[in-house]
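Source: prediction; values computed, not measured.
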Amino acid sequence: MKHYRALIARLGGEEIVASVEELEIPSLQDGEVRIQVAYSSVNYKDALAVSPRGNVVKRYPHVPGIDLAGTIAASKDARFREGDSVLVTGYGLGVSADGGYAEIAQVPADWVVPLPAGLTAREAMAFGTAGFTAALSILRLEEAGLASGQGPVLVTGATGGVGSVAVAMLAGLGYEVAASSRKADAEAQAFLRGLGASELLPPEALRMPEGKAIARERWAGAVDPVGGPALLDVLGTVRYGGGVALSGFTGGADFAANVYPFILRGVKLLGIDSVLCPMPERLRAWERMADDLKPAGLSDAIAREVALEELPDALSAILRGEMRGRVIAKL
């Protein structure tokens, strides 16, 4: 095999056009591995990579895809051998280096995580970067003192990638989950109920009364991949000693805040970074995802599958806010 197919994003004037092309396999450098990709997944950052206003990728042409799972096809690192099942998320994958929307990927071995026992490649990408981010959020909340029985846990952006997996994970651990989404149709509500949400809330139901700097305590903790102005309302309603795990900015990068939740209730704002997460923490999260953080029926309940040629439409849908759950690409 000397060639492979990949989704290539090319800059044409002020637009970025993504299409499937055939590429030649490059030589393998010391410290690298070549991966036969089985699955990748669709994430918000991948959509930004094919948007002219995304400001994620600096150089085109480019192969998007910030995560992948597959098997080692060749290795120039003693830690990995041909046939090993592996996954990669974060670092420069799909951003500074060509990513997972390809039949073959070559990456530094330092980026590679052995696929944990208890997860298939498909299940790993049903989680993908979004699920990894959800898992990190829950681990950080637990480290900050969250435990089941303390009260409801809020998940914002609950029909999105991070949010939907977080709902399923938390419900599987026995938490009472309040899911917030601007999607209020019957299908979205049935989806969230099926994941284990016990309460469904539109974003406006989270708003504090106008003029209030802090409001009634409601949440034992919160997973927030949305950010933006609504973060103020989340912080102002978390119970004493609770935490908010913040991982995204689909609602905007800026928010107005005050000190009251922090100094009157000891609320903790926990930043979640899935890109440069240290390897020991990365491995611990994936082991949990193969164990007690793995929802029943993971692949079927949360994820649907698309072909490589269907990825441009899926990426456009996520930018329009039309994505529900997880979408995985079969390579």
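- In this structure, K268 contributes its side chain and G241 its backbone to a donor-acceptor pair below 3.5 Å.
- Within 6.0 Å of CD on E22 lie more than 12 heavy atoms contributed by other residues, nucleotides or ligands.
- Note that NZ of K58 is 6.0 Å distant from CG of N55, once rounded to the nearest 0.5 Å.
- Contact annotation: the side chain of L173 never approaches that of S148 to less than 4.5 Å [non-hydrogen atoms, C-beta and beyond].
- Between R284 and E142 there is no salt bridge, since none of the side-chain N atoms of the basic residue sits less than 4.0 Å from a carboxylate O of the acidic one.
- Remark: the backbone N or O of A47 is not paired with any side-chain donor or acceptor of S51 at under 3.5 angstrom.
- A donor-acceptor pair is defined here as one N or O able to donate and one able to accept, closer than 3.5 Å; no such pair exists between the side chain of E281 and the backbone of P278.
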I'd like to know whether Q150 forms a side chain to side chain contact (heavy atoms under 4.5 Å, CB included) with R239, so could you lay out the CA-CA distance, the side-chain angles of the two residues, the decisive distance to 0.1 Å, and finally the verdict. CA-CA 9 Å; Q150 294 177 338; R239 296 182 180 184; 5.8 Å; no
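- Taken to the nearest 0.5 Å, the CG atom of L87 stands 11.5 Å off from the OG atom of S40.
- Counting only heavy atoms from C-beta outward, the side chains of H62 and D98 approach each other to under 4.5 Å.
- Nearest heavy-atom pair across L311 and V42 is CD2-CG2, 3.6 Å.
- Shown here for Q106 and E32, the closest heavy-atom pair between the two residues is NE2-OE1, 3.8 Å.
- Ion pair D110/R79 flagged as a salt bridge, since at least one NZ, NE, NH1 or NH2 atom sits closer than 4.0 Å to an Asp/Glu carboxylate oxygen.
- Taking the side chain as every heavy atom from C-beta outward, Y260 and K212 never approach each other to under 4.5 Å.
- Hydrophobic clustering (ILVMFWY, side-chain heavy atoms < 4.5 Å, transitive): Y91 and V56 are in one cluster.
- Counting heavy atoms from C-beta on, the side chains of R218 and L154 never come closer than 4.5 Å.
- Remark: the backbone N or O of E305 is not paired with any side-chain donor or acceptor of K330 at under 3.5 angstrom.
- Taking both residues in full, the closest heavy atoms of A285 and F132 are given as CB-CE1, 3.7 Å, listed atom of the first, atom of the second, then distance.
- In this structure, L192 is a member of the same hydrophobic cluster as L170, with clusters built from ILVMFWY side-chain heavy atoms closer than 4.5 Å.
- When side chains are defined from C-beta on, D46 counts as touching Y101, because their heavy atoms get closer than 4.5 Å.
- Interatomic distance, CG of L115 versus CG of D84, reported as 10.5 Å (0.5 Å rounding).
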Show, in sequence, the C-alpha distance, side-chain angles and deciding distance for V244 and W219, and conclude whether the side chain to side chain contact (heavy atoms under 4.5 Å, CB included) test is met. CA-CA 10 Å; V244 177; W219 319 116; over 6 Å; no
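- In summary, E309 and R5 engage in a salt bridge, as defined by a charged side-chain N under 4.0 Å from a carboxylate O.
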S247 and T133: CA distance, side-chain angles, deciding distance, side chain to side chain donor-acceptor pair (under 3.5 Å) verdict: CA-CA 7 Å; S247 62; T133 304; 5.8 Å; no
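- Residue R53 qualifies as open at atom CZ: its count of foreign heavy atoms under 6.0 Å is 12 or below.
- Distance check: I328 CD1 to L68 CG gives 13.0 Å after rounding to the nearest 0.5 Å.
- Scanning both residues, M169 and I138, for their nearest heavy atoms gives CB-CD1, 3.5 Å.
- Side-chain atoms of L235 and I214, non-hydrogen and from C-beta on, never get closer than 4.5 Å to each other.
- Listed here is the closest heavy atom pair of A245 and I272: CB-CG1, 3.9 Å.
- Taking the six-membered ring for Trp and thresholds of 30 and 60 degrees, Y44 and F249 have ring planes more than 60 degrees apart, a perpendicular arrangement.
- Environment of CD in E187: sparse, with no more than 12 heavy atoms of neighbouring residues, nucleotides or ligands closer than 6.0 Å.
- Between the side chains of R326 and S41, a donor-acceptor pair is found at a separation under 3.5 Å.
- Side-chain contact between I104 and Q36 is present, with heavy atoms from C-beta onward closer than 4.5 Å.
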Going through the checks in order, is the side chain to side chain contact (heavy atoms under 4.5 Å, CB included) test met by V86 and I72? CA-CA 7 Å; V86 296; I72 298 292; 3.9 Å; yes
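- Not one N or O on the side chain of R288 forms a donor-acceptor pair closer than 3.5 Å with the backbone of L136.
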Set out, in order, the CA-CA distance, both residues' side-chain angles and the distance that settles side chain to side chain contact (heavy atoms under 4.5 Å, CB included) for T159 and S164, then state yes or no. CA-CA 5 Å; T159 53; S164 61; 5.9 Å; no
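- Hydrophobic clustering of Ile, Leu, Val, Met, Phe, Trp and Tyr side chains at less than 4.5 Å, counting indirect connections, unites V50 with L331.
- K294 places a side-chain N or O within donor-acceptor distance of the main-chain N or O of G118, the cut-off being under 3.5 Å.
- At a threshold of 4.5 Å between side-chain heavy atoms, the hydrophobic network of Ile, Leu, Val, Met, Phe, Trp and Tyr places V267 and M208 in two separate groups.
- Between the side chain of R140 and the backbone N or O of G271, at least one donor-acceptor pair lies under 3.5 Å.
- In the hydrophobic clustering of ILVMFWY residues, with side-chain heavy atoms under 4.5 Å counting as a link, V88 and Y4 come out together.
- The closest donor-acceptor contact from the side chain of K183 to the backbone of G160 lies at 3.5 Å or more, if one exists at all.
- For E199 against R193, the heavy-atom pair with the smallest separation is N-NH1, 3.8 Å.
- With rounding to the nearest 0.5 Å, the separation of CG in L119 from CD in E287 is 8.5 Å.
- Atom CD1 in I8 sits 13.0 Å away from atom CD1 in I16 (nearest 0.5 Å).
- Although no hydrogens or angles enter the test, the distance criterion places no donor-acceptor pair under 3.5 Å between the side chain of S75 and the main chain of V33.
- Checking side-chain atoms of R265 against main-chain N and O of G236 turns up a donor-acceptor pair under 3.5 Å.
- Using a 4.5 Å heavy-atom cutoff, the side chains of W286 and T89 are in contact.
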